[in-house]
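Worksheet: the structure to be examined is printed underneath.
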Amino acid sequence: MPELPEVETIRQGLQAHVVGRTIAQAQVLHPRAVRRDPAGPAGFASALAGRTASRAERRGKYLWLTFDDDRALLAHLGMSGQMLVGDPGRPLSPHVRVRFTFLDGGPDLRFTDQRTFGQLMMCSLRGGDLPAPPANGGTARPPCPPGLGRPLPEPIAHIAPDPLEAAFDPAVFTARLTRRRTGVKRALLDQSLISGVGNIYADEALWRARLHWARPTETLRPGEVSRLLEAVRDVLTEALKAGGTSFDAMYVNVNGESGYFDRSLHAYGRAGEPCDRCGTPIRRDPFMNRSSYTCPRCQPRPRHPHP
DNA sequence: CGAAAGACCTGTGCGC
DNA sequence: TGCGCACAGGTCTTTC
């Protein structure tokens with residue numbers, strides 16, 4: 001599943017292979033892929049024809065291409081979304097939802113999404129200081145400006161900063177987290193509190209921080225919160241490092257199910273296998289219509305778990 | 001505002 | 001063989 005590290009890898013791929021090229025045509029092959037775009041499939045397509053992206057940016061699991069008039073193409077990959085760049089003549093797989101061709105006749109871009117939870121939409125950028133134009137039409141600006149208050153797509157104004165961006169404030173996060181009345185894993189998955197973390201990396205971070213998923217947020221001590229935050233940062237950074245080389249060929253397979261981080265997983269999906277720290281079998285619990293994996297010894301259930 | 005449940009999707013693997 | 005069902009799970013919407 002594409003979480004922050006996978007989405008960042010894709011962003012880098014789009015920056016390298018799509019930014020700076022002029023779109024000839026955007027073909028919507030499945031209307032559900034643009035269901036949130038108020039202009040509909042035809043409006044979406046006509047809004048993109050002839051445009052040239054200036055940057056590829058990301059917050060949490062969202063990524064977007066910016067254009068020079070404060071409009072943006074916003075993308076979320078959902079559960080199974082992929083961005084594929086390759087020979088425009090290759091066969092069209094059945095799950096391609098949107099296809100972009102370019103005036104240069106080079107590699108096309110295909111948004112492919114088996115389970116159709118992902119989506120694309122055109123939107124406006126709001127807030128922050130608008131980006132200065134590139135000095136000489138090149139890549140003068142960093143691809144993902146670290147500054148506070150950078151412009152964000154309007155539809156994701158409610159998405160909190162992710163822990164790898166400069167706008168992330170640990171003090172603000174800590175205050176908001178401990179004010180919650182819920183379990184710590186629910187909080188980690190709440191993208192309006194902290195973004196970029198999904199079920200896999202939530203379990204991994206909790207395992208590293210030795211915290212149980214049902215631990216009530218209001219009982220977390222400052223040291224535990226900083227331990228958790230460090231674990232989240234570490235797990236995301238390491239996964240990014242492990243996957244960061246997968247988007248450099250002409251045929252670019254940028255997907256979230258690559259499993260390149262599988263070998264490094266300590267908890268997720270390891271029910272019954274021995275804990276890498278203490279050897280106790282990892283346990284699987286039902287959680288929010290999915291699963292949580294914990295070491296019953298390293299991550300003891302709290303006395304008063306949040307239901 | 002915050003918390004929780006339901007809806008949205010489809011391919012895979014399992015038991016019967 | 002074939003059928004139903006649990007499972008995978010991120011986000012938006014609705015309800016309280």
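All chains are named by letter (A, B, ...) in the order of the sequence lines, taking the proteins before the strands, and each is independently numbered beginning at 1. Worth saying up front: this structure is predicted, and the values here are computed from it rather than measured.
Closest to the H306(A) side chain, of the nucleotides dG2(B), dG10(C), dA4(B), is dA4(B). Closest to the side chain of F117(A), from the set dT11(C), dC9(B), dG2(B), is dC9(B). When each of dC12(C), dG11(B), dT11(C) is scored by its nearest atom to the side-chain atoms of H158(A), the top-ranked nucleotide is dC12(C). Checking dG11(B), dC12(C), dG10(C) against the side-chain heavy atoms of R36(A) singles out dC12(C) as nearest. Distances were taken from every side-chain heavy atom of S291(A) (C-beta onward) to each of dA8(C), dG10(C), dA5(B); the shortest belongs to dA8(C). Side chain of T116(A), nearest nucleotide from dG10(C), dC9(B), dG11(B): dC9(B). Across dT11(C), dG2(B), dT10(B), the shortest atom-to-atom separation from the side chain of R115(A) is found for dT10(B).
Going from atom CD of Q119(A) over to atom C1' of dT13(C) covers 13 Å, rounded to whole Å. For the pair Y201(A) OH and dG10(C) C1', the interatomic distance rounds to 15 Å; values are reported in whole Å. Distance CE (M121(A)) to P (dT11(C)): 15 Å, rounded to an integer number of Å. Between R186(A) atom CZ and dT11(C) atom C1' there is a gap of 15 Å when expressed in whole angstrom units.
Using a 4.0 Å cut-off, no side-chain N or O of H95(A) falls inside it from OP1 or OP2 of dT10(B). Between dG10(C) and H76(A), no contact under 4.0 Å exists linking OP1 or OP2 to a side-chain N or O. For R35(A) and dT13(C), the shortest distance from a side-chain N or O to OP1 or OP2 is not below 4.0 Å. An OP1 or OP2 oxygen of dC12(C) is reached within less than 4.0 angstrom by a side-chain nitrogen or oxygen of Y62(A).
Under a hydrophobic-cluster definition in which Ile, Leu, Val, Met, Phe, Trp and Tyr are linked whenever side-chain heavy atoms come within less than 4.5 Å, directly or via other members, L228(A) and F168(A) are assigned to the same cluster.
If you check every strand for non-hydrogen atoms under 4.0 Å, R180(A) touches sugar and phosphate atoms only.
When each of R284(A) and I156(A) is assigned the nucleotide of DNA chain C with its nearest heavy atom, R284(A) is the one assigned upstream, toward the 5' end. Nearer to the 5' terminus of DNA chain B, by closest-nucleotide assignment, is the contact made by T182(A) (compared with the other of R97(A) and T182(A)).
T66(A) and S54(A) share a donor-acceptor pair across their side chains, judged by distance under 3.5 Å alone. D70(A) and S124(A) form no side-chain donor-acceptor contact under 3.5 Å, judged by distance and modelled atom types alone.
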